[in-house]
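Reading through the structure tokens given below for one structure.
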Amino acid sequence: MAHSITRKDFLVKAGSALAVSSFGFPSIILPRKNEKLGVALVGLGNYSTNLLAPGLLQTKHCELRGIVTGSPEKIPVWQERYGIKDSNVYNYGNMYQLANNDDIDVVYIVLPNHMHAEYSIIGAEAGKHVWCEKPMAMNAEECREMIRVTKSNRVQLTIGYRMQHEPNTQTIIKYGQEQTYGEITEIRSGGAFNGNFGEGVWRTVANMGGGAMYDMGVYPLNAARYSSGLEPVAVRATQWTDRTDMFPDVDEHTDFDLEFPGGLIALCKTSFGKSMNYLEVDCTDGWYRLEPFLSYDGVQGETSSGTQLPEDPNHQQARQMDNDALAIKNNTPPIVPGEEGLADMVVVDAIFESAANGGDWIQL
Ligand code: NAD
């Protein structure tokens, strides 16, 4: 099986990387701190093409060195545009051979959601650090397996929740931690866009991780958690579909309410049928809001005391990948570890359960 070959190859490789120190003890050769980490993008769709690869041209601590793709026609285009060596080009079937490639330190999984767990695990078993897009996987069980395998291979696992790297978002996280406007009394967040998808596109197919909740609902969910700094204790949800031809078996819309310890409620919405992009936090002594709160640029906000939170001009994905590369180089915890993706997916599992049971509260 590919996985066991990978693991064996990696162990052989790891063994050959042992050097004998001047004291006669073996020590593992780590990348030098001033060297950029080599990133391989796994899946060359819209997000890799238009956001991550351009972002990797701006990063200081990592760079694009490899690609994993099932589309041979993309290979020459990407090689020419980003100077990628023949030896750093892989497909989904031979990706495990990354175990023998020292150019690549990190695999970034940017595939349809149902493929996140499988390819994160292949990357980890090849001895590579794993960055994985949101939603982390299809359910909490897959997330736990990803965490287990990355830990046992001693590689970092980081989820692509880019908002947690964004300066205005970090400011409102701090307001919550320091109770700048008092205790939080209510959170409202909507993350949604009006989408038109062709037949069979993975975002419309249930067993590929389609539907609004997986794609956009994790933004308000994650926002409710990061702005309160709390873990929800219960959730209830309603899911429905207007355009049943386009979304035959996934949610076009999901509304969900989260209850946090102490009774705080977050009212959250997501949709593929209309646009929403707000995060509003009410507190005992005032309020603050971000709108838009999840866009690639232009995230901005205001507070009840008149503080403006102006747009940050920097490339979001470049900042995220530099932060994540530094965590690897310095061997410090990443801003968004796998456990953060798991915490969301525990709630997503309960959202589907609640919606299937008529919107009853589910205890978490
Ligand atoms: P996309 O459809 O544009 O790209 C998916 C890629 O996967 C394509 O290159 C496709 O060829 C490849 N692929 C391999 N096997 C496939 C299969 N069986 N079916 C369909 N495609 C297959 O999608 P995208 O918008 O690039 O999204 C990819 C991932 O990135 C998703 O998990 C999505 O949630 C995430 N994403 C995150 C953000 C963000 O802001 N963090 C933004 C967009 C997408």
Side-chain angles (χ1 to χ4, degrees), residues 39-56 67-75 77-78 89-95 107-120 122-123 130-139 142-143 146 157-166 169 191-193 195-223 226 250-251 270 272 277 292-299 315-321 323-324 334-336 338 340-341 344-345 348:
V39 176
L41 288 174
V42 183
L44 306 180
N46 177 56
Y47 195 53
S48 284
T49 305
N50 297 318
L51 279 309
L52 297 178
L56 283 163
I67 50 175
V68 180
T69 178
S71 308
E73 72 281 3
K74 292 181 184 169
I75 294 171
V77 180
W78 279 71
V89 176
Y90 294 84
N91 59 48
Y92 302 116
N94 67 13
M95 177 183 154
V107 293
Y108 195 159
I109 311 302
V110 201
L111 289 165
N113 303 335
H114 70 301
M115 300 170 77
H116 288 186
E118 180 180 359
Y119 288 90
S120 292
I122 292 173
V130 177
W131 297 343
C132 178
E133 258 317 313
K134 46 54 64 179
M136 180 169 166
M138 296 289 280
N139 51 50
E142 285 189 354
C143 296
M146 291 161 75
L157 171 60
T158 302
I159 310 306
Y161 278 126
R162 59 192 160 75
M163 304 328 301
Q164 293 200 35
H165 300 260
E166 194 279 324
T169 307
F193 68 92
N196 275 303
F197 303 99
E199 197 181 335
V201 170
W202 69 265
R203 280 189 169 84
T204 70
V205 178
N207 62 14
M208 301 177 92
M213 185 60 223
Y214 277 134
D215 197 48
M216 295 302 290
V218 291
Y219 285 100
L221 167 55
N222 202 242
Y226 61 63
V250 299
D251 58 308
T270 189
F272 274 159
N277 201 337
F293 88 103
L294 65 74
S295 303
Y296 296 143
D297 51 39
V299 171
H315 195 285
Q316 265 183 28
Q317 288 80 2
R319 188 198 296 104
Q320 169 203 323
M321 292 186 283
N323 286 343
D324 292 341
I335 292 176
V336 190
E340 180 71 359
D344 273 358
M345 206 48 57
V348 172

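Just the heavy atoms: all of them, side chains too, but no hydrogens, waters or symmetry mates, feed the values below. In this chain, numbering begins with 1 at the start of the sequence shown. Start at 1 and go down the list; that is how both ligands and their atoms are numbered.
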Just need the protein heavy atom nearest to [atom], so name the residue and atom and give the distance.
| atom | answer |
| --- | --- |
| atom 5 (C) of ligand 1 | Pro112 CD, 3.9 Å |
| atom 34 (O) of ligand 1 | Lys134 O, 2.8 Å |
| atom 40 (O) of ligand 1 | Arg162 NE, 2.6 Å |
| atom 28 (C) of ligand 1 | Val110 O, 3.4 Å |
| atom 30 (O) of ligand 1 | Glu133 CG, 3.4 Å |
| atom 44 (C) of ligand 1 | Arg203 NH2, 3.6 Å |
| atom 16 (C) of ligand 1 | Met115 SD, 3.7 Å |

Q.
Under 4.0 Å, heavy-atom basis, I'd like to know which part of Met163 is in contact with ligand 1: side chain, backbone, both or neither.
A. neither
Q: Kindly indicate, with the supporting measurements, whether the criterion side chain to side chain contact (heavy atoms under 4.5 Å, CB included) is fulfilled by Arg162 and Tyr296.
A: CA-CA 9 Å; Arg162 59 192 160 75; Tyr296 296 143; 3.4 Å; yes
Q.
Geometry only, no angles: is Lys74 polar-contacting ligand 1 at N/O separations under 3.5 Å?
A.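 There is such a contact, yes.
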Q. Any N or O of Leu111 that comes nearer than 3.5 Å to an N or O of ligand 1?
A.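 Min N/O separation from ligand 1 is below 3.5 Å for Leu111.
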Q: Would you check whether Tyr92 reaches within less than 4.0 Å of ligand 1, judged by its heavy atoms?
A: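 Right, Tyr92 reaches ligand 1.
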Q) Can you find a side-chain donor-acceptor pair between Glu133 and Tyr108 that sits under 3.5 Å? A) yes
Q: Indicate, with yes or no, if the rings of Phe272 and Phe197 have centres closer together than 6.0 Å.
A: yes
